[in-house]
Structure formats: C-alpha cells, structure tokens
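So you know, we letter chains A, B, ... as the sequences are listed, proteins then strands, and number each from 1.
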Amino acid sequence: MNRGNIALAVALALLAAFPAAGATFYVELVTKVMILAIFAMSLDLLVGYTGLVSFGHAAFYGIGAYALALSAPRYEPANLWLTLPGAVLLAGLAALAVGSFVVRARGTYFIMVTLAFAQMFHFVFHDTEIGRGSDGISMNFKPVASVAGFAPFDLGKATHLYYFVLATLVAVFAFLRLLLRSPLGRTFQGIKSNEHRMVSLGFPVFRYKLASFTIAGAIGGLAGYLSALQFGFVNPELLSWHQSGNVLLMLILGGLGRLTGGVVGAFAFVALQEAFQSLTDRWQLLFGATIVLLVIFLPGGVAGVADRFRRPPSREPFHV
Amino acid sequence: MSDAILATRALCKRFGGLSAVGDVSLELHRGRLHALLGPNGAGKSTLINLLSGDLPATSGAISYRGRDVTSLRADQRSRIGIGRSYQKTNIFGAFTAFENCRLAAQSRFPRPLHVFSDARAFAPVRQAAERALEAAGLAAAADIVAAELSHGAQRQLEIAMALATGPEVLLLDEPLAGMGADEAGRMVELLKKLGPDHAILLVEHDMDAVFAVAEVITVMVNGQVLESGTPERIRASPAVRQAYLGHDGPLAGETAPAGGRGA
Amino acid sequence: MPLLPAPAAPGGPDPRVDLYSLLIQLLNGVQYGLLLFLVASGLTLIFGIMGIINLAHGSFYMIGAYLAFTLSSLTGSLLAAIALGTLLSVILGIALDWALFSRLYRRDHLQQVLLTYGLILVFEEIRSLVAGNDVHGVQVPPALDASIRLTDTLSYPVYRLFMSGVCLVVAGLMYLLIHRTRVGMMIRAGASNREMVQSLGLDINLVYRLVFALGVALAAFAGMIAAPISSVYPGMGTQVLIICFVVVVIGGIGSVWGALAAALLIGLVDTFGKVLLPQAAGLGVYLLMAVILLRRPEGLFRRT
C-alpha cells in the first residue's frame, strides 16, 4: 500500500467518523462541501485531465438541480432511484448537445463559448417560464429512497444524507480513477499533453473531447441534484457564472489534474468563504482580492505549495 | 502508379499569393526509400504536411493504394496507414517513453467503452509499444519520462511513436535534426532496417545519411520538383548541383568527405 | 418638421409609420452594434495583441458608466464628465497593467480567467461601496436633448444619432492609429512577434501598456456615452461582457474588422429579435453564435 492510498484511507475514515463527533450544523456543512467536491472533480476531468478550460460548467450543475425540482410532484415525495438517474441523464444529454457546438472551438474561444452557453441556460431559467423565473422553486418534500415500499434510509435526516453523499463521493472518485486509467482516460490525458500529436497518431480527437465534456456534465448534474436534495430549493443562481468561476477556483486551490485536488479545493473554498463571510458583509471584496493574489503568487494552488516539499516526482506520470 | 502505395498528382499549396508547393507528383513504393532534398524554403516540410494531412492542399490529388484521400483529415490518414514523425520533436513530454508508444499503439485499438479496464494491461497494445521501442533502439529507456531523454533519444522516440501505429507509409521529417555523429549513425541503421517493410519518404539535410539509405531522390527548389531519380543520377546532375548549391559541393565527386556531414 | 410629406388622404392610417418604425429599429440596431463594437474592439485588441483573455472587460464598461454618473453630478455636464472620465480610464488602464496584467502575459488561459474573475468581484464590491446598488439615471446633455420628428407619432432621439456618430469617429481614429502611425505599426508588430519587437529595441511592455490602456478607455468610453440611454445599474458589466464574447467569437479573435461586422450583426439581430419575438429575444444572439460555430469555428474573419 503506497503513501497516496494510505492518505486516502485515512481521509475516508475521518470523513466516515465525522458525524459522530460534530454538531448537526457541521454535518450539514461538510455535506455541502462533499457535494461541491463532486462538482469540482467533474470539472477536473474536463480541465485538469483533458485540458479543456470551461467557464460554463455551472450550467450542468443547475440542470441537475432543476431536474429534481421540476420532476418532484407537488403533493408527495419524489423517488430518489428514479429522479437521480434521470437528472444525471438529463445533464449528460444537455452536455452532449452543448458540447457538440462548443468542442469545435479551440483555446480561448472555448472558454468564451462555454461561458456564453451557460449564460443562455441561465437566461432560460431566469427569464422564461420553464424554470418559474428568478424566484426559483421550492420543493415540499425530500425525495425518498424507497424500493417497493421499503426505504433503507431517510434523506430528511442529516446524518443519513451525509452518508449518502459520502458514498456518492466515494463512488464518483472510484469511477473517475478507473476511467482515467482506462483507454478512454488515457486518451483524454494524451489530448491534454499534446493534442496535435494525438490527431497525428490517428485519434478522432473531437469525439473524445465531446465524451469528456459529456461525462463531466453528467457528473456535474449529479452534484447539482444532490445540492437540490440537500437544500430543497433551486434558483437560477445555481447556473450563474459566479458558480462556474467558483468551481474553477476550487480546482486551482486544490491543484489541477489530481482528483483529490477537487476534494481539497472544495474544502478550501468553503473554508475561505465561511471565514470571509464571518469577517465582513463585503466578503466578495476579500474573496476577489484573494483570488487575484492566489493566481499571482500561488498558481499551483495549495497542492503546489505542498509539492515543493515533496521528493522529486516518480517515474509514474499519472497521479490521482 | 499501379503499385505505388502513396502517390500525388499535381499537388499544390498556396498561401495567399505565395506558392509553397507547386505541381508536385511523386510516388512512394514499399521497400523503396524515397528521399526529398532541397534548400531551405524549397517546400519539403510543406509537402510532408500536405501528405500527412496537417495542411489542406490547394489543388491536386493524393491517393493511397489507388484511393483518393485528398480530403481526409490527418487523423483519418493516420488510421489508413500513413504515419509521420516531426522535425520539431512532438512527443508527450510528461509521459514515459513506453507510455508515449503505448498511447500511439492504442490508436489502433481504441476500446473507448472499456471504461473499467486498465489500459496498460491490454496485451496487443503493450506488445506493439514494446516492439516499436525495440525497433527504435529505446527498449532500455522505456521507463524514463520523455522530457528527460537526451535529444537523440527523443528523436528516436519520435519515430518509435509513428512505428507503434503500424503504418505502411512513413513520412519522416528530418529525423536526424540536431544529432551528433554517433546518434546519427544509429538513426541511419534504423532507417536501413525500416526501409524494406515500409514506403518511406525522408526529408533530410544530412547528405551522408541520404546517400547511404535512399533508393530514389527527388530534389525540390522553390516548391517545384527539379529532378527525380536514382542517387547516382542526382549526384551527377549539373542542374541539381547548380540549383541546390550554386557550386561544387558535397554532391560533387564519387566519395563524400570521410566523417564529414552535409549542410 | 416631418421628413416626408403627409399622405394625401388625412384621417386614414399613415403608411409611413411602418416604414419609419423599420427605420427606427434599423438605426437602433446599428447604434447598439456600434456601441458593442467599441467595447468588443478593446477586448479583441487586448487578446489579439497581448494574448490575455480579460473577463473584467465588462467591468470597465460599468466603471465608465458609473464615472459618467458621478462626474456629471459633480460637474453638471455630461460632456465634461466624459472627457475627464476617459482620462481617468487611461490612467486606470496603465495602473492595472503595471500592477496586475503585466504578470499575465506568459500565464496560461486558466490563470488569466481566474485572476480577471477575481477582479470582477473586487470591482463590483468597490462599486457597491462607492455608488450603492441602485439604478441611476444620467441626463442627456441639453445640447443633444432633441428629437427628429419623423411622423406625427414617431420621432428619433438626436442623442442616439450622436452616439452612433461618435462610435464611428472613434472607430475611424482607431483605424488611423493602428494602420497609419508608427505607434500602430509597433502594435501590429507586437501582435505577431514579441521577440522581434524587443530585439528592434522597442519596449514591448510599453506597447502592451498602451494597448491595454486603450482597451480600457474604449470600454469605459462606451459605458459613458451609453449611460443616458441604458441607465447605470449593477449588472451592466456582466451583460455587456457576455455579448462581447459572442461578438469576438463570431468575428474572430484579434480581428477588428471582424468585431465590427459581428457587432453590427448582433446589434441588428438583437434589436429586431426583441421586436419580432419578445419572449425569446435574449436567445437570438446565442442561436447566432451556435450557427456560426457550426460553420466557421474560427470566426467570420481570421486574425488580421
């Protein structure tokens, strides 16, 4: 068992044990962070591993959230096992549709068009009847996890929700780790390393980029669904570019191109946000200034600082 | 044209008013190493880019085994069997030499839906990569990160990657660029070894290397073909001597200077 | 005095109304397009020449509008405010480049995007502190506060014509600057080959600083002259930024001509879209972008 795996096991144990030690407020806070971690990891697949910088990832987060809100019946709870896959599928389809346009754009164009398309979705939910407008939608019930009448857990209870989200986080992490060592994942990383050579070697790069975009969007939708699940409420700000910017920020805080970076980044981001919000109402000013300083002085993020103390990289070029 | 693997007919490339390649027709045959010579700016790299699909042609046709491939993209051309190496080293710097070749070989066995299997465990791809490294003489360097390889080893990796895709045609753009005498010698041996099984087009400035391996030489000047033929004929041609060098140079005489290297 | 004589049969419907309505929408579309062009040209110059993608560009537009508001309240004259505000914007641009943007030249796009995103947050909060979150109006200068009467019911504001005119003049000046002066030559040279410019003994950093200041001033100036028409409100920076991105994507990064063509196209599509299909008006621009992406992902014009 190598160092990395030991660290992961320890982190998992800590997360699993946490509810026993913490008050409900903190359990809910860490649940929120774990949901953001899933969101960040989904974007890391696209940005950190395929090299496509998207500034519109919040669109799929929002679509996953609205999928629950819009499919939840008014007078009874929705079924988790139906609505969750439905939301993931819907977000994935939206990502496939958007991707088929935006993946044609290279470099800077890509950043701009992803932002523009996300704004389009924001417009749809904010200014049209589809999303019931800028007030958002409240859900009367939390979804139930029942199969043939039997519900193994109650998502209304904070600890049950916590463990459900934790299980999902572990599942997503494991899925992405497997994906990244599969032929598909290796192709993504090849594209990030040298897209031109990948084309020259015979890879139909457009399809692979679209695949990465779609998978990232689907998992982003999963995170959005969980967010709607936790808060019982959705509004168009879930698709705002602040949300897209924040998730990119999480990646730069935690370190790009390592899956744990998404998790670390989500914790760091929420910690910063909570700290600044408790200091002043004008926390966005502190936040913005921190981002500026971070980019100038610490572009490798928290993990980048840690790297300076680590021994030289091993021969193995892929890390999670 | 009948048994040519890769052939061009009246191939042209214009950039605005500038004609970089004009009316080039040539053929590549399996087992016959074809070298492309010419002064800088003659259009040699442009021609390779046209053949590999990195640049679209302005006019003319390219055919592969009789089938017109002029409108195919670069990745499509690679998949039908046209491989190339680049003059400016174009590898995956962060990956090991082995992974560079493995990824190249994976292009033939994409298996994108095998989401849960370890790509490195798939034997056909692994073996193709090992063979390519072996052929290029890099078996010992397999686990070294590509960015840390010596320049000569990186040039070998360039070719190994192209080999790992199992091509019929090899378009080699200055494989000896920047190499010292020993490394160049090894590369020449590699080219001789590859010659019989592939249709190779070699762009090179190193005269010794070219005359050691080429069976057919085409000389280009200003984007046009000046002359094409056996090495002896090219060596003896006054037009080539005049246009290429303007005076008697290494092409003059029957023997090249010992240990000397061309322009 | 109406521009066209009255119809022969008074008391019936006036057929000139339709024609003039069309003309008004056309003028509005062109005016909006020209304004967008001003902002977008700054964005595309900064990217095309310095290689920096700047999300905060919309904030400069907003800063311009708020400068127009505060300075015109102080001085009592919008035109004086615009003159002073433009000068301040140039100084702001120089300061920002010196402090921050000069560090971004060699950084990758993700870092540029994040840093400029942080800047947006900072600018928004500063604006909120200084000028609050309310919507403010700015008076049209009395000299320009007139309308050209087209029919009994329709007239067109002179100020909008003034805006279009000013945008055209600025566009013309920019063309002269970039294509007919030595400074412009240095700018164009710097776009294609940074090292070459440096080896010629020209200070590339100075060139970049000028270009950046010009970009900031263009955006701010646009915000200033637009203030009487569009009002001054918190979200205006974001709104214009997104549209400018669409302009640049459609027109091609680094191409000023492309920005002009695309901006006019978008101005017209957006204006007529709002008239013809009010519910889906906001989507017209995105649909246009999607169509262009399918056919010409590099934009309508390549980099000049």
Shortest non-hydrogen contact from [X] to [Y]?
X: Asp75(B); Y: Phe203(A); answer: CB-O, 3.4 Å
X: Arg186(A); Y: Glu99(B); answer: NH1-OE1, 3.7 Å
X: Val115(B); Y: Ser182(A); answer: O-CB, 3.3 Å
X: His196(A); Y: Asp54(B); answer: NE2-OD1, 2.7 Å

Point to revise | Greatest number of heavy atom pairs closer than 4.5 Å to chain A - which of Ala164(B), Pro112(B), Ala74(B) | key: Pro112(B)

Revision key, fill the gap. One option among Ser193(A), Pro183(A), Pro204(A), Ala211(A) has the most heavy-atom pairs under 4.5 Å with chain B, and it is Pro183(A)

Check your understanding: Which distance, rounded to the nearest 0.5 Å, do you find between the CD of Gln106(B) and the CE of Met198(A)?
Key -> 7.0 Å

**Study point:** Pairwise distance CG(Leu184(A)) to CG(Leu113(B)) - rounded to 0.5 angstrom
**Key:** 8.0 Å

Review point. Between Ser107(B) and Gly202(A), is there a donor-acceptor pair closer than 3.5 Å when you use the side chain of the first and the backbone of the second?
Key: no

**Study point:** Ile91(B) backbone acceptor or donor facing Asn194(A) side chain under 3.5 Å
**Key:**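 Yes.
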
Could you look at [X] and say if it's the side chain, the backbone, both or neither that has a heavy atom under 4.5 Å from chain A?
X: Asn100(B); value: neither
X: Arg77(B); value: neither
X: Ser52(B); value: neither

Check your understanding: Given side chains that start at C-beta, do those of Arg73(B) and Val199(A) come closer than 4.5 Å, heavy atoms only?
Key -> no

Check your understanding: Hey, mind stepping through Gln189(A) and Phe92(B) against side-chain contact (heavy atoms from CB on, under 4.5 Å) and telling me if it holds?
Key -> CA-CA 10 Å; Gln189(A) 291 167 90; Phe92(B) 301 108; over 6 Å; no

